[in-house]
Amino acid sequence: MSNPQPATTTTAKVTPISGFPEYLPSERIVEQRFLDVIRETFELHGFSSIETRAIEPVDRLLGKGGDTDKEIYGVSRLAGDDADAAKWGLHFDLTVPFARYVLENAGKLTFPFRRYQIQKAWRGERPQEGRYREFTQADIDVVDVGELSPHFEAEMPLVIADVFSRFPVGDFVIQVNNRKIPNGFYQGIGLSDVTTTLRIVDKLDRLGSETVADLLVESGATRDQADQCLALAAIRAEDLGFVDRVRELGVTHPLLEEGLESLATVIRTAMAHAPGNVVADLRIARGLDYYTGTVYETQIVGNEDWGSVCSGGRYDALASDGRTTYPGVGISIGVSRILGLLIGQGLVTASRSTPAAVLVALTRDDSRDESVAIASALRSRGIPCEVAPTAARFGKQIRYAERRGIPFVWFPGAAESGDEVKDIRSGEQVPAAADSWTPPLEDLHPIVTRT
């Protein structure tokens, strides 16, 4: 058996691979703070964490929303048999593996099952700002057996509102629609190809109303029907006023009424528990076929050109084994998309590039044990710190702390009565004991802020 060889220095130029982002330490702190907020908020709402494998059978990936086989990264051993080639693929979202997970573990899960999942996914698309080939998603879903109570559809925006209210992103808006509204409306005006109409209307933000109207006519709609579709899509309200505005269009259909009632329940709940953050926006369509009820998209106010950074919806058949169907509702936060845009445009920053709040100085080369003991005492009380790398002049050790963004430097035995600690930003230096001194709460951990 051969042993792996260590990396060696070569003259080959090291270049990044497009679409696979890697963060510097300060940027990684920003990412970790976002992930901490997501995890903590999901757990506050009672969602249980799962993690699924990175690969799925390619035929399952192709059957569950993959745009084309060219976007799926195949997985095979370099020296594998040809029979293994293209048998497996990296998952391009977390919904497909979650559906399989539910089927495999249904007998061990308690329904309704509330799950959250924070993992990487891979998609072979053209990289651009905010879109990557390797990216992190954070999903929540509630699934049940046979039927799913509609109140879960009203709960999803509340969870997301709690998450985004803790992000340093400023104002945000969660746009909500119900697929039954356009489905019923289109049928009510005589359009039979509802799926095509939905997909065209879903392009409104990108193409504009005039182009969308032309595409609707090309797909078989009359000009009047196209105008009615655009009139429906133009309705937006933070309250229940959208119901009357839809009815003023004079279209009736049982599915339309059902959708209006369901969306009214979602908006009514949001008005009570997340006022100002959730709006009924009837242009939101979510082009994927499997959505059957409420659909969601989230935008950052002032950065609407980024598009949706968090989306999802209700589906009546997340998974089925032929005997039992598992309906659900879920929503996904595009973590890498949000961070890529915020970091890439310099809109968020961390207060330092290291978790350490304290640098314990070295007074001389043979005093490291003393400094390590101080650091251990501070760490035992939850204060992140590190020991200076060398016993250089104190001025040099302070400059090292400044470069790292460490706010405090600890000087062992600096005073007759014991140690002293210096806030190198203000210059204030005071006596301190490792078993009692605590930095201000705002300095204990790096702070991530919107610039």
Side-chain angles (χ1 to χ4, degrees), residues 16-44 49 51 94 116-122 127-140 159-174 277 298-311 331-359 382-386 401-408 425 439-451:
I17 301 176
S18 179
F20 293 83
E22 294 180 329
Y23 292 132
L24 294 171
S26 61
E27 298 167 341
R28 175 64 172 157
I29 284 175
V30 173
E31 181 185 39
Q32 287 179 310
R33 289 296 176 266
F34 273 66
L35 293 174
D36 287 344
V37 165
I38 293 169
R39 176 185 55 79
E40 292 166 4
T41 307
F42 285 174
E43 291 184 357
L44 281 173
S49 174
E51 182 172 289
L94 302 183
Y116 82 85
Q117 193 170 349
I118 303 174
Q119 277 185 247
K120 288 190 180 294
W122 298 266
Q128 52 188 297
E129 187 179 41
R131 299 186 71 88
Y132 307 102
R133 290 169 172 163
E134 180 182 69
F135 50 93
T136 299
Q137 288 187 197
D139 289 18
I140 50 170
V159 181
I160 297 306
D162 281 354
V163 170
F164 275 76
S165 65
R166 295 180 60 192
F167 282 168
V169 298
D171 294 334
F172 62 92
V173 60
I174 303 169
N277 294 134
T298 306
Q299 292 188 334
I300 307 299
V301 175
N303 296 104
E304 288 82 1
D305 57 316
W306 293 356
S308 179
V309 294
C310 174
S311 58
I331 198 162
S332 175
I333 300 174
V335 180
S336 294
R337 177 169 177 75
I338 296 172
L339 290 173
L341 292 164
L342 291 172
I343 293 174
Q345 297 186 19
L347 297 177
V348 293
T349 185
S351 59
R352 56 184 187 258
S353 63
T354 173
V358 179
L359 176 73
I383 301 173
C385 59
E386 62 176 276
E402 287 175 334
R403 290 195 301 271
R404 299 267 284 159
I406 301 173
F408 296 95
R425 298 161 302 182
L441 184 60
E442 63 269 20
D443 292 324
L444 187 59
H445 300 289
I447 297 174
V448 174
T449 56
R450 179 84 182 245
T451 57

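Atoms considered below: every heavy atom in the structure, side chains included; atoms not considered: hydrogens, waters and symmetry mates. Nothing fancy with the numbering, it's 1 onward along the sequence.
Scanning all heavy atoms of the two residues, the minimum distance from Glu386 to Arg404 falls at OE2-NH2, 2.6 Å. Closest heavy-atom contact between Ser336 and Thr136: OG-N, 2.7 Å. Between Ala357 and Asp443 the shortest heavy-atom distance is CB-O, 3.5 Å. Shortest non-hydrogen contact noted between Glu27 and Ile343 is OE2-CG2, 3.6 Å. Across Phe408 and Pro440, no two heavy atoms sit closer than the pair CZ-CD, 3.7 Å. Residues Ile38 and Val163 share a closest heavy-atom pair of CG1-CG1, 4.0 Å.
Within the 3.5 Å criterion, the main-chain N or O of Ser311 finds no donor-acceptor partner in the side chain of Ser332. In this structure, the side chain of Arg352 engages the main chain of Pro355 through a donor-acceptor pair within 3.5 Å. In this structure, the side chain of Arg39 does not engage the main chain of Glu43 through any donor-acceptor pair within 3.5 Å.
Asp305 contributes atom CG, which lies 9.0 Å from atom CD of Gln299 (distance to the nearest 0.5 angstrom). Between the CZ atom in Arg403 and the OG atom in Ser353 there is a gap of 11.0 Å [rounded to 0.5 Å]. The CD1 atom of Ile300 sits 10.5 Å away from the CG atom of Leu347 when rounded to the nearest 0.5 Å. Atoms CZ and NZ, from Phe20 and Lys120 in turn, are 10.0 Å apart once rounded to the nearest 0.5 Å. Once rounded to the nearest 0.5 Å, the distance linking CD1 of Ile333 with CD1 of Ile140 reads 7.0 Å. To the nearest 0.5 Å, the span separating CZ on Arg425 from CD1 on Ile406 amounts to 12.0 Å.
Looking at Pro127 and Tyr132, their side chains never come closer than 4.5 Å, going by heavy atoms from C-beta outward. By the 4.5 Å heavy-atom criterion applied to side chains, Leu44 and Asp162 are not counted as neighbours. A heavy-atom distance below 4.5 Å is not found between the side chains of Val309 and Phe167. The side-chain heavy atoms of Phe164 and Ile174, taken from C-beta on, include no pair separated by under 4.5 Å. In this structure, Asn277 and Phe172 have side chains that are in contact, with non-hydrogen atoms separated by less than 4.5 Å. You'll find the side chain of Leu341 stays beyond 4.5 Å of the side chain of Asn303, heavy atoms only. With a 4.5 Å cut-off on side-chain heavy atoms, Arg33 and Pro446 count as touching.
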Verdict with reasoning, Ser26 to Thr349, per side-chain contact (heavy atoms from CB on, under 4.5 Å):
CA-CA 8 Å; Ser26 61; Thr349 185; over 6 Å; no

Might you work through the side-chain contact (heavy atoms from CB on, under 4.5 Å) test for Leu342 and Phe34, ending with a clear yes or no?
CA-CA 12 Å; Leu342 291 172; Phe34 273 66; 3.8 Å; yes

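The environment of CZ in Arg166 is crowded: more than 12 heavy-atom neighbours from other residues, nucleotides or ligands sit within 6.0 Å. Shown here is Glu442, whose CD atom has more than 12 heavy atoms of other residues, nucleotides or ligands within 6.0 Å.
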